[in-house]
Amino acid sequence: MNLIEGLNHKQKEAVLQTKGPLLILAGAGSGKTRVLTHRIAYLIQEEDVLPWKILAITFTNKAAKEMRERVDTLVGQGSDEIWVSTFHSACVRILRRDIEKIGYNRYFTIYDTADQKTLIRECLKELNYNEKNFPVGSILGEISSQKNELITAKEYDKQSRGDYRREKISHIYKLYQKKLESNNALDFDDIIFKTVELFTYHPDVLDYYQNRFEYIMVDEYQDTNTAQYKLVKSLASKHGNLCVVGDDDQSIYGWRGANIRNILDFEKDFKDAKVIKLEQNYRSTKIILDAANAVIKNNYGRKQKALWTENEQGNPIEIRQTDNEHKEADFVASEIVKQIEEEAREYNDFAILYRTNAQSRVLEEHLIKHSIPYRLLGGIRFYERKEIKDILGYLRSIQNTDDDLSLKRIINVPKRGIGDTTIGKVEDYVLANDINFFNVIRDRELVSQFGRAATKLKSFADLMGGFQVQAQIGTVMELIETILDRTGYLKELENENTEESNERIQNIKELISKAADYDENAEEPSLGGFLEEVSLVADIDNYNEENNAVVLMTLHSAKGLEFPYVFITGLEEGVFPSYMSIVSEKEDAVEEERRLCYVGITRAKEKLYLCHAKSRMLRGLTQYNRLSRFVGELPKELIKMGNSPKRSADPLAGIRARNKVLENYKPYGGASLNETSAAPKKISLDYECGDIVKHIKFGVGTVEDITYAGADYEVTVTFPKFGQKKLMAGLAKLKAVK
DNA sequence: CAGAGACTCGAGGAG
DNA sequence: CGAGTCTCTG
């Protein structure tokens, strides 16, 4: 098979450039997956590279699977010998072999975000820190950023001297890490970090993989963090055949440590690196591409790129304003019905994208109302559901007896009379004697000291012992069924017989069938392997484009996908770009939002809708947000206003003028929402959030929130006697009290 | 020890 | 608004 045929000049060049460092700057829709698969096929077929000498890192398991299949069709066979996987799967595979060398054992558990939070709470309790001053989420974020930068707890501690808050956080980090180790568990960041550590302290291990991987390819390189960069660099440093593919304009994971410098500095980091730009887009219409270019050009510090296409002009971009989020959702649903009827479209031609998962609910409601089949990605993942986590808790405790966290989760689920008091007593003993929980309760002598609860603990230990035997002799599916039966978990749900409990039973059945599927199809099925697969699967991995349904997902999840019709909803300041990015002191926070917008726009092949609502209910409060600045960045000739009452020459003139004021006022970020809302000054307020004000009827109160609404401000004030009130500043005549 | 009901408080994206 | 926590009672 000729692997070069049908590729454009640049694509060919990228396939043929097999030696040395290569950076492929691949614009959206420029056929990079095609290039990567053909490149791998070319290596195997034309350059006689053994398949198992190739490592290809993709962003999702789904992409990995697809890549393997496509290589398969190109070269016939041998593709199962190639390492195609995500960073995390590749690292876990490496760690399962050699993690003993750095003080864990191979039965380690992978903790998800919920587990991490539980562990942090334990740390806070132990250190006597208040959760108010140290919110779990932000502590976790701080620790995660350190790990992404390969900074250990010890190093962080050193760097934090003199900074009171950082010192405290470093204590938490230290204890958190100690607990992970004693539970024989890794968090997501550790998976990469510990692999780098393994390579650093055990050069023989690194040497083995360096020799093995003669050719390395990394997709979505713009989203790699420092730890991943280090990993790739070490692996490639022997043969030097490293090909990375990425697009700096699609870097949207800065918040989880992705370092955009990795791609911007590639040529500096790897001497004699060759750079190939893929700039021809095969996906979108001219109009869509022009829109994407118009938005992204407002960012600074990009690599120069000029995306172009030979595709036709296409439909104008439709901008639709609605009164509120319900009307927005209704418009989207009606429009889908209309397009299906008039243009003979299928449901799976449509994608609805949004900035935050919370926005999906209303959209779902209206899709149901219109009887439109849909598939929702993201939100609560299957494996995060309570009933699933409970079962997994059992499996983890069976697999890894050091995992106290999982054991404590299920020790009283279903209820078996081992309550908080008993757990507390055992826990005290655990902490005092530096021993694991499971080791205490399976020691009949130690257990005797716990008085009345001793019998219950003993019978629980016996139950778990039985499961461990079962794990040795049967399949994963059989183990799960045994657990469900012997613990009475399923029976309890069946007795409940509510809508909720029945759904839980359905989920459990789905878990069983996933386990059965695993038992059948895995190369060497094992409990550890199953747990690993479960931990590393992403929601997007299960997205199947064959399924004829409209798909709903966040803009982040949509990366790498394409759809004929795309709706981007919630294009409002404070929603998209997000409130957090606007108030962030980080200069480029809004730029990342803009890249996200670029990603969203370039998902569309034929028609793009941009929707925004005048008001939107957020956490029980109605908010009035201005139209997103990103919409104002579109040239007028590309757009069509939805049901615009009057059709002026430039329908967005007003927005543009206002955004101009805004930019002069404070360009890109820095400005708080309240400040941006105040841009057209008609009324001036002599108070701000937090101030005490006086109202003629309600008396004295505290200003909680000020939102710009139409030509006035909506001020939220809490009065001691009357509670929280929303007042229009123009009418209420509030006076600041000094 | 378990369960029901009151209550507080939070601004995001994900492997 | 809704998830998660706290408090109270049987």
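Below, chains carry the letters A, B, ... as their sequence lines are ordered, and counting in each starts from 1. Just so we're clear, the structure is a prediction, and the values are computed from it rather than from any experiment.
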Exercise for review: Respond yes when some side-chain nitrogen or oxygen of A/S557 is under 4.0 Å from OP1 or OP2 of B/dA14, and no when none is.
Suggested key: yes
For B/dA11, does OP1 or OP2 lie under 4.0 Å from any side-chain N or O of A/T356?
no
Rounded to whole Å, CZ of A/R361 lies from P of C/dC1 at a distance of 12 Å
Regarding the side chain of A/E593, the nearest nucleotide among B/dG15, B/dG12, B/dA14 is B/dG12
Between A/R416 and A/S535, whichever has its closest DNA chain B nucleotide further toward 5' is A/R416
* Would you call A/Y173 and A/K147 a side-chain contact if the rule is heavy atoms closer than 4.5 Å? -> yes
A/Y543 atom OH is separated from B/dG15 atom C1', nearest whole Å, by 20 Å
Notebook entry, point to check: Does a side-chain N-to-carboxylate-O contact under 4.0 Å join A/K514 and A/E533?
Noted result: no
Might you list the N or O atoms of the protein lying below 3.5 Å from N or O atoms in nucleotides 3-7 of chain B, with each pair's distance?
none

> Do the charged groups of A/E492 and A/K415 touch, with an N to O distance under 4.0 Å?
Replying inline: no
Taking the basic N atoms (NZ, or NE/NH1/NH2) and the acidic carboxylate oxygens, is any pair closer than 4.0 Å for A/K408 and A/E427? yes
Rounded to whole Å, CD of A/E131 lies from P of C/dC6 at a distance of 8 Å
Residue pair A/G419/A/M580 against DNA chain B: nearer the 5' end by closest nucleotide is A/G419
Checklist entry - Going by ring centres under 5.5 Å and near-parallel planes (under 30°), is A/W255 stacked on B/dG12? => result no
- Query: In whole Å, what separates the C1' atom of C/dT5 from that of B/dG12?
  - Reply: 23 Å
Is there a donor N/O on one and an acceptor N/O on the other, under 3.5 Å, for the side chain of A/T113 and the base of B/dG15? yes
The side chain to side chain contact (heavy atoms under 4.5 Å, CB included) partners of A/K327 (sequence neighbours excluded) come to A/T322, A/D323, A/N324
What contact category does A/T60 fall into here, base, sugar-phosphate, or nothing, at under 4.0 angstrom with non-hydrogen atoms? nothing
Does the structure show A/Y579 stacking with B/dA11, if we require the centres to be closer than 5.5 Å and the planes to be within less than 30 degrees of parallel? yes
Taken to the nearest whole Å, CG/A/L140 to P/B/dG13 is 15 Å
Between CZ of A/R381 and P of B/dG12 the distance, given in whole Å, is 19 Å
A/E532 atom CD is separated from B/dG15 atom P, nearest whole Å, by 16 Å
- Task: Please confirm whether any donor atom in the side chain of A/N61 sits under 3.5 Å from an acceptor in the base of B/dG15, or the reverse.
- Result: no
Whole-Å distance, A/Y354 OH to B/dA14 P, equals 9 Å
* **N/O (side chain, A/N357) to phosphate O (OP1/OP2, B/dG13) under 4.0 Å** => yes
Hits for side chain to side chain contact (heavy atoms under 4.5 Å, CB included) against A/V413, two or more places apart or cross-chain, chain-then-number order -> A/D390, A/Y489
Review point. Hey, is CZ on A/R165 packed in by over 12 heavy atoms from elsewhere, all under 6.0 Å?
Key: yes
Whole-Å distance, A/L621 CG to B/dG10 P, equals 13 Å
*Donor-acceptor pair present, A/R355 side chain and B/dG12 base, under 3.5 Å*: yes
* Asked: Can a salt bridge be assigned to the pair A/E592 and A/K586 using a cut-off of 4.0 Å between side-chain N and carboxylate O?
  -> no
Once you apply a heavy-atom cut-off of 4.0 Å, does A/D112 come out as touching a base, just sugar-phosphate, or nothing? nothing
